[in-house]
> 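Got a structure here, written out as structure tokens. Questions coming.
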Amino acid sequence: MKAAVFHAPGKITCDTVDDPVIQDENDIILKVTSTAICGSDLHMYSGGIPQPRPMVMGHEFMGEVVEKGRNITHLHQGDRVVVPFPIACGCCYFCQNDLPSGCENSNPENYGPEGGIMTEKGGGMFGYTDLYGGYNGGQAQYVRVPYANFGPRKVPDLLTDEQALFLTDIFPTGYTGVMWGDLKGGESVAIFGAGPVGSMAVKSAILHNAGKVIVIDTLQYRLDQIKALTGCETILWEDADSTVQKIRDLTKGRGTDLCIDAVGFEPERSFLDRAKAVINFEKGSMKVLEACMSAVRRGGTVSVLGVYAVNYDNFRLGQIFDKGIILRAGQAPVHAIIDKLMKHVENGEVKLDDIITHRLSLNDVAKGYELFDKKEDGCVKVVLDPWT
């Protein structure tokens, strides 16, 4: 089959690899009909998260069941399903408590309670390094899906692939950031990052009846797109201080009820920012998280959706304590909320596919990664067709 294979930072190519096979009675094999490049994929592409061997990329995918293990009774050949990006068994303590990203069984080589930088990680994920199980991903013509009695969800016939695809990751992730804010309606929300996850957080805030939604990004074209789609307010990031002041000016000087970091540890950085990281033996920067903690009101919530792969010495614990900030972070509990979110899409309450800017063949995956990474040609979201 054809698949997008990671070889080294900056090198992801469309290769011919072996077809996946059933390895367990709870597996299914999917014929992938639609897949996408995610911002998290760029962490491997950039070298921010190490991967020593070739791996099939991709954790945003959906497709048709073509083969199944003998324990799979609720799915049948030809069923069209969308697959959550965390790999979860459905039976362990964390799966039973709506924390599938903490699955105790899906990452047997590297799982543990510590959550270290290179050891004792969480549950498995598709196409996201050996640290998270070493599973091949879905930027391919076929993919093996383990624990298929728990993860995949059937897609209603009335939804196209593109309407349902982002239920895999970015819509549940954006929704989680808003859900953690416990909005009652009328609150103010600042979302840092107008990429795919940030865009879904905006849509989710609107679903929660937020009173004011402010989006911050370094790229005007991304702000223009999300404003046109949702009517939100936008701020072009020039520096942290001026951005935080603009947010306070829009919220009676207090700051927003909820701030969402949809960027993570690899924001746009100056030479001095990069030099500081080298001196401190840190990977990337927490400048966006710091801005969130300044921009949120006292007693407000900061949701961290962007990935942070390492620890940082200059963590603002004093500010968190003084302001009484509630800080929530981590992977989205997709399995726990996907059915509810599917209904929102099915009922026409939210539109997901309007953020797609580029549709490419899987053969052109190298071009897709370059466009997405360099943010060229107005790129916000790239969807790949494995069969063209």
Side-chain angles (χ1 to χ4, degrees), residues 28-38 58-68 72 74-88 100 126 137-143 145 147-176 178-179 195-208 225-226 228-230 332-362 368 380-388:
I28 61 172
I29 304 297
L30 282 191
K31 176 184 177 182
V32 178
T33 55
S34 188
T35 184
I37 300 174
C38 182
H59 55 264
E60 289 187 299
F61 60 88
M62 61 177 296
E64 298 174 1
V65 178
V66 294
E67 191 177 352
K68 63 177 186 173
I72 305 301
H74 71 296
L75 296 175
H76 304 282
Q77 190 173 29
D79 282 347
R80 195 164 59 112
V81 298
V82 64
V83 181
F85 77 89
I87 300 173
F126 290 100
Q139 289 173 9
Q141 291 180 314
Y142 296 93
V143 61
V145 178
Y147 303 109
N149 52 353
F150 184 58
R153 298 305 203 271
K154 292 182 184 179
V155 176
D157 291 340
L158 60 88
L159 296 180
T160 67
D161 277 12
E162 289 187 354
Q163 287 175 311
L165 176 60
F166 301 146
L167 286 159
T168 54
D169 179 1
I170 59 172
F171 182 33
T173 297
Y175 189 93
T176 295
V178 177
M179 180 177 70
V197 169
S199 297
M200 293 299 164
V202 176
K203 293 170 181 283
S204 300
I206 293 170
L207 278 176
H208 282 79
Q225 187 197 52
I226 194 61
L229 294 177
T230 67
V334 182
H335 299 68
I337 61 176
I338 188 172
D339 297 321
K340 176 181 179 179
L341 301 189
M342 181 94 71
K343 284 295 183 184
H344 282 308
V345 178
E346 191 176 356
N347 295 336
E349 296 164 345
V350 62
K351 184 177 176 63
L352 307 183
D353 56 335
D354 55 2
I355 71 164
I356 299 171
T357 54
H358 292 75
R359 295 171 175 86
L360 301 175
S361 166
L362 184 63
V380 174
K381 189 66 174 178
V382 178
V383 171
L384 303 168
D385 184 341
W387 299 96
T388 60

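As the structure is a computational prediction, the values presented were derived from the model and not from experiment.
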> Let me confirm one number: the CD-CG distance from E346 to D157, rounded to the nearest 0.5 Å.
10.0 Å
> Find out whether T33 and E64 are in side-chain contact, i.e. whether some heavy atom of one side chain is under 4.5 Å from a heavy atom of the other.
yes
> Would you mind reporting whether L167 and M342 have side-chain heavy atoms less than 4.5 Å apart?
yes
> Where do T35 and G138 come nearest, in terms of heavy atoms and distance?
OG1-O, 3.3 Å
> Side-chain contact, heavy-atom cut-off 4.5 Å: D169 with H59?
yes
> Thinking salt bridges, do R153 and D339 make one under a 4.0 Å N-O criterion?
yes
> What closest approach, in Å, do P196 and I170 show between heavy atoms, and which atom pair accounts for it?
CB-CD1, 3.8 Å
> Identify the two heavy atoms, one from V145 and one from P152, that lie closest to each other, and give their separation to 0.1 Å.
CG1-CG, 3.9 Å
> Please test D353 against K351 for side chain to side chain contact (heavy atoms under 4.5 Å, CB included), starting from the C-alpha separation and ending with a verdict.
CA-CA 6 Å; D353 56 335; K351 184 177 176 63; 3.2 Å; yes
> Show the nearest heavy-atom pair for residues V380 and G195, with the distance to one decimal.
CG1-C, 4.5 Å
> Should S34 and D385 count as side-chain neighbours, where that means a heavy-atom distance under 4.5 Å?
no
> Find the distance between CZ (F166) and CE (M62) and round it off to the nearest 0.5 Å.
11.0 Å
> For K203 and Y175, what are the C-alpha separation, side-chain angles and deciding distance, and is it a side-chain hydrogen bond (donor to acceptor under 3.5 Å, both in side chains)?
CA-CA 8 Å; K203 293 170 181 283; Y175 189 93; over 6 Å; no
> Would you mind reporting whether H358 and V383 have side-chain heavy atoms less than 4.5 Å apart?
no
> Could you tell me which residues satisfy side chain to side chain contact (heavy atoms under 4.5 Å, CB included) with L229, sequence neighbours excluded, listed by chain and number?
Q225, D354, I355
> Please report the C-alpha distance between N149 and H74 in whole Å, then the side-chain angles of each, then the deciding distance to 0.1 Å, and finally whether the side-chain hydrogen bond (donor to acceptor under 3.5 Å, both in side chains) criterion is met.
CA-CA 7 Å; N149 52 353; H74 71 296; over 6 Å; no
> When the ring centroid of H344 is compared with that of F171, is the distance short of 6.0 Å?
no
> Ignoring hydrogens and geometry, is there a side-chain-to-backbone donor-acceptor pair from Q141 to V32 under 3.5 Å?
no
> Nearest 0.5 Å please: distance from the OG1 atom of T388 over to the CG atom of L360.
8.5 Å
> Answer yes or no: does atom NZ of K343 have more than 12 heavy-atom neighbours from other residues, nucleotides or ligands under 6.0 Å?
no
> Can you name the closest pair of heavy atoms from L384 and P386 and give their distance?
O-CD, 3.5 Å
> After noting the C-alpha distance and the side-chain angles of T168 and V334, does the key distance pass the side chain to side chain contact (heavy atoms under 4.5 Å, CB included) rule?
CA-CA 8 Å; T168 54; V334 182; over 6 Å; no
> Side-chain contact, heavy-atom cut-off 4.5 Å: M200 with L352?
yes
> Working to the nearest 0.5 Å, report the span between CD of E67 and CD of Q77.
8.5 Å
> For C38 and E60, work out which heavy atoms get closest and say how close.
CB-OE1, 3.4 Å
> For a side chain to side chain contact (heavy atoms under 4.5 Å, CB included) check, start with the C-alpha distance between F61 and V143, then their side-chain angles and the critical distance, and finish with the verdict.
CA-CA 9 Å; F61 60 88; V143 61; 3.6 Å; yes
> Below 3.5 Å, can you tabulate the donor-acceptor pairs from side chains in residues 79-88 to any protein atom, sequence neighbours excluded?
from, atom 1, to, atom 2, distance (Å)
D79, OD2, H76, N, 2.8
R80, NH1, L159, O, 3.1
R80, NH1, D161, OD1, 2.8
R80, NH2, P156, O, 3.0
R80, NH2, L159, O, 2.6

